[in-house]
Amino acid sequence: MSVKLPDAVQRFATDPDEPLRQGAYRSALRDERLAAILGAALGILFSICFLTGLYSHVQQNPLSWLPIPARPAGLYRLTQGLHVVSGIASVPVLIAKLWLVWPRFVAFPVAKRASHLVERIGLFPLVAGGIFMTFSGVANIAQWYPWKFAFTASHYWMAWVTMGSIVAHGGAKWAIARRSLARPSRRPALAEADPVLETTAEEAGSGLSRRGLLTTVAAASGVLTLTTIGQTIRPLRRLGLLAPRDPATGPQGRPVNRGAANAGVVDLANSPAYRLEISGRVARPVSLTLDQLRAMPAHDTVLPIACVEGWSFSAPWSGVRVRDLLAMAGAEPDRTILLESLEPQGVYRTSTLNAGQAADRDTLLATHLDGEPLALDHGFPCRLIAPNRPGVLQTKWVTKVVVL
Amino acid sequence: MSPTTLEPGRDDEHRAGPLFWISAAVGWAVIAWGLRGIFEHSLDTRPANLARFVVGGALLHDLIIAPLIIGAGVLLARAVPGRARAVVQGALAVSGIVALFSYPLVRGFGLAANNPTSLPHNYAAGLLVVLGGVWAVAAAIAVVRLRTA
C-alpha cells in the first residue's frame, strides 16, 4: 500500500510539471460512458461472431441429434459473411476500448474485496481472449499462420474462454454501464480547463472529443468493412482493396481456396482411369467413367461457394443429383453419405451429407460451372455443390460416394 | 476529476450483488469449458504454443502497443496545435488501425504458389490509396472547421 500507482499515474498524467501531462484529453475521454458504449458494441459484435462461429463449427463437426438442414440455401453464406464482417469491424472497437481502460490494468492495490479480485482475474481471459480472437481471425483470413496450433480448433475453444469472460464482465459492469448510459454525457466544467491550452478538453480545437473518438472508431470500422466486404458482396468488389479474395479473380473467373496442384490431384484427375464409385450400403455398387457420368440427366442450379474465411460467390452449376446416383445404386434410404476426394491427404479430403442434404434436389456432383466443364482447380472431373454449406465441405475431385 | 471519469479502483465503492456472482459463476464455467476443450484437443490446439500467442498478445498490447499509442498521443498534443488536432488524432488512429489490419496482406505471408486467386491485389498500393482517402477526408474536415471557426 506504500506505492499507490494510480496516484502516481494520475499525477504523472495531469501535473503541468510532469512530462506526460496529457490531462486535457485524458480526463475527457477516459470516461465511463464511452467505456460502456464501446463495451456494448464489442459485446454485440463478439456475440454475433460467437453464434455464427458455433453454427460454422456444427457445420464442420456434425451432431447426429442436430442435423444441419439443406435450406435456406444461402444461410451459411450469410452467417459466415456476418462472422468475418463483425470480426473485422470489432478490431477498431477493441483497440479503442483497450486504450480507454488501459490505466486500470496497472491499478493498485490489486483488489480491495473478493468480488473485485474475481473481476480483475477475469480481465485476463477477457483481454487476452479478445486480442487473440481478433488477431487469429484477421491472420487466418489473410492465410497467415505464424503459429503451430491448428487454427480452427484453437479459435473455437478460445471463443468459449472469451465468451465466458464477456458474460462475467457484463454482469460485473451491468449496473455501472446502465447508469452511465442513462445519464446524458457531461462536459468538463471550466474549473477543469487545461491550464496551458486554456480551454476545456471538449472545446473544438483541443483534441478529440468523446463524440470525436466514437466517430473515429466508427470511421475505422467503416473503412475496414468497405475495403473488405467486396469479397462476399460482389457489387462492392471494386472497393475491396484490402480484401484477401476477389470474387471475380481465378480460374473461370472464380476464386478457389486451394488449387489442384497444391492438393496433389492433377495427374489423378486427368487420368483416364478416373472412376466415380458408389459403394457402401447399396444394392448394386456402381462405377462410372466421366463420360458415363456426363451422360446422366443433368440438373442446373445457382448456389454459392461460401468460404469459412468470409469470401463467397454465387454461380450457375450443373451436374448429376446425388439422390439420382444413390437411387441408381439402390442405396438404403436415410443414410449418411461420405464423399471422398482424389486428394491423397488433408483434413478436408472427405465430407459427409446427412440424409436431408443428400436428398435435396440441388445437391449435385457438378461437372460444369457457368456452362463450361469444371476447371481443374474447381474440382474437375466432378465436385460436390450443395445448399447451405461451408466451401471447405463442398468437396472437390470427388471419386467415391459411400453410403454409411 | 469529473464524476464520470474512470478512476482506477472506483468499482470498490460498489458491493457486488447477485448479478455479479451469478454471471461470474456462469462466465467462469464457460471459461472452464473452453480450457477443458483446449487441453482435451491438445494435438490440435498445442496448448504450450497457443499460450505463447494468447499471453504474448496481451503482453504485447499492454506493455508495448498501449504505451506507444499513449506516447504518440502526447507527442501529437504538443506538435499539432489548436483546431486541427482532433482531426489529426482521428486520421492517425484510423490510419494506424488500417495499417495494422493490412500488415499480413501487405507482407503477403499467405501468398500460395500455384494459386492466382490467393491475395490477388497489390495490397501495398491498396493501403496507400486507403490512407490517401483517409487523409483527404481529414484535410477536408480540417479546412471546413478552420473556415467556420
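A, B, ... follow the sequence lines: proteins, then strands. Residue 1 opens every chain.
Between the side chain of B:H121 and the backbone N or O of A:D246, no donor-acceptor pair lies under 3.5 Å. Within the 3.5 Å criterion, the main-chain N or O of A:P255 finds no donor-acceptor partner in the side chain of B:T117.
With a threshold of 4.5 angstrom between heavy atoms, A:R120 does not approach chain B through any atom at all. Of the two parts of B:L100, only the side chain, counted from C-beta on, holds a non-hydrogen atom closer than 4.5 Å to a non-hydrogen atom of chain A. Contact annotation for A:P244: both backbone and side-chain heavy atoms come within less than 4.5 Å of a heavy atom of chain B. Interface remark: B:A32 contributes no atoms to any contact with chain A (heavy atom separation under 4.5 Å). Contacts of A:F132 with chain B are made by side-chain atoms alone, with heavy-atom separations under 4.5 Å and no backbone atom involved. If you measure heavy-atom distances from B:R36 to chain A, the contacts under 4.5 Å come from the side chain alone. For B:S102, the part lying under 4.5 angstrom from a heavy atom of chain A is the side chain only. Both the backbone and the side chain of A:V256 come within contact range of chain B, with heavy atoms under 4.5 Å apart.
In terms of non-hydrogen atom pairs under 4.5 Å with chain B, the most contact-rich of A:A139, A:A260, A:A159, A:G240 is A:G240. Chosen from A:T227, A:D377, A:I88, the residue pairing most often with chain B at heavy-atom distances under 4.5 Å is A:I88.
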